[in-house]
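Quick notes on the structure that follows.
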Amino acid sequence: VQLQASGGGLVQAGGSLRLSCAASGRTFSSYGMGWFREAPGKEREFVAAISRSGGSTYYADSVKGRFIISRDNAKNTVYLQMNSLKPEDMAVYYCASEETPGASYYSAGHYYGMDYWGKGTQVTVSS
């Protein structure tokens, strides 16, 4: 599977960005998808995830109410709409996919089972 993220850039605090991740190489609609981020000096952390059909979504507490994850299975693409951006949202954002359909899960603020990763896209938020 190949995952190609795009849409990062420089934005002022309070602004918005929409990230996209195009997937190829297998049946997109069979796999849950997610977004993670990694800030300098910090571990990679869960941001948001979405089920195969798009009917279930999960968010880190830090982005709940500001970010929206969605997917278009006809376009093999998952999105992350980021609103009210804060300087602490600045990071490299990575798109991820389940390795096994339905195997990923959310627990206590973390998301497990995302085993395929794309190259990241940088999001920079100026204060």
Side-chain angles (χ1 to χ4, degrees):
V1 59
Q2 290 78 46
L3 303 173
Q4 181 64 53
S6 61
L10 172 64
V11 63
Q12 286 189 328
S16 298
L17 279 176
R18 189 176 83 153
L19 305 183
S20 300
C21 174
S24 61
R26 57 180 185 173
T27 306
F28 179 74
S29 59
S30 295
Y31 298 89
M33 301 291 296
W35 289 96
F36 293 72
R37 66 187 181 188
E38 187 171 334
K42 295 186 178 181
E43 293 186 352
R44 189 172 297 186
E45 65 174 0
F46 167 68
V47 175
I50 189 166
S51 62
R52 291 171 282 180
S53 67
S56 296
T57 55
Y58 309 87
Y59 296 94
D61 287 344
S62 59
V63 306
K64 203 171 291 183
R66 300 187 297 122
F67 290 12
I68 301 171
I69 188 171
S70 61
R71 64 189 297 161
D72 185 337
N73 286 342
K75 295 183 178 179
N76 291 355
T77 302
V78 61
Y79 304 97
L80 185 68
Q81 178 67 43
M82 304 186 295
N83 301 319
S84 302
L85 281 160
K86 304 176 181 180
E88 51 263 45
D89 294 318
M90 184 162 59
V92 177
Y93 283 71
Y94 296 90
C95 173
S97 175
E98 291 177 321
E99 180 179 8
T100 303
S104 65
Y105 62 95
Y106 175 84
S107 176
H110 298 278
Y111 207 86
Y112 303 90
M114 294 289 181
D115 297 309
Y116 288 120
W117 300 85
K119 292 183 179 179
T121 185
Q122 176 71 48
V123 172
T124 302
V125 183
S126 63
S127 55

Go through the steps to decide whether R37 and M90 satisfy the test side-chain contact (heavy atoms from CB on, under 4.5 Å), and finish with yes or no. CA-CA 9 Å; R37 66 187 181 188; M90 184 162 59; over 6 Å; no
Hey, are K64 and D61 close enough for a salt bridge, meaning a charged N less than 4.0 Å from a carboxylate O? yes
Within a strict 4.5 Å, meaning less than it, do heavy atoms of the C21 and V78 side chains meet? yes
Closest approach of G7 and L17, non-hydrogen atoms and distance? O-CD2, 3.9 Å
Let me confirm one number: the OG1-CG distance from T124 to D89, rounded to the nearest 0.5 Å. 11.5 Å
Value for OH (Y31) from OG1 (T100), rounded to nearest 0.5 Å, stands at 7.5 Å
Taking atom OG of S51 and atom CZ of R71, what is their separation to the nearest 0.5 Å? 7.0 Å
Close side-chain approach of F46 to M114, heavy-atom, < 4.5 Å: no
Tell me, please, whether Y116 has R26 positioned over its six-membered ring: NZ or CZ under 6.0 Å from the ring centre and within 45 degrees of its axis? no
Does the separation of the ring centres of F36 and W117 fall below 6.0 angstrom? yes
hydrophobic_cluster_shared for I68 and W35, side chain cutoff 4.5 Å: yes
Are M33 and L3 close enough that some pair of their side-chain heavy atoms sits under 4.5 Å apart? yes
For residues S127 and P87, report the shortest heavy-atom separation together with the two atoms involved. CB-CG, 3.8 Å
Measure the spacing between OH of Y58 and CD1 of I69 and express it to the nearest 0.5 Å. 11.0 Å
Are M82 and V92 connected in a single hydrophobic cluster, I mean Ile/Leu/Val/Met/Phe/Trp/Tyr linked by side-chain heavy atoms less than 4.5 Å apart? no
D72 CG to S29 OG distance, which is reported to the nearest 0.5 Å: 11.0 Å
Please answer: with hydrophobic residues joined when any side-chain heavy atoms are less than 4.5 Å apart, are Y111 and F67 in the same cluster? no
With the 4.5 Å side-chain cut-off for hydrophobic clustering, are Y59 and I50 part of the same group? yes
Can you see which heavy atom on N73 is nearest to which on S53, and at what distance? ND2-CA, 4.4 Å
Give me the one residue out of R52, E98, E99 that meets side chain to side chain donor-acceptor pair (under 3.5 Å) with S104. E98
For V11 versus L85, what's the shortest heavy-atom pair and its separation? CG1-CD1, 3.5 Å
Looking only at heavy atoms, which two atoms of G118 and Y94 are closest? And how far apart? O-CD2, 3.3 Å
Could you give the distance from OH (Y79) to CZ (R18), rounded to the nearest 0.5 Å? 5.0 Å
Check for me, please, whether V1 and L19 land in the same ILVMFWY cluster - side-chain distances under 4.5 Å, paths through other members count. yes
Answer yes or no: are there more than 12 heavy-atom neighbours, outside Q4 itself, under 6.0 Å from its atom CD? no
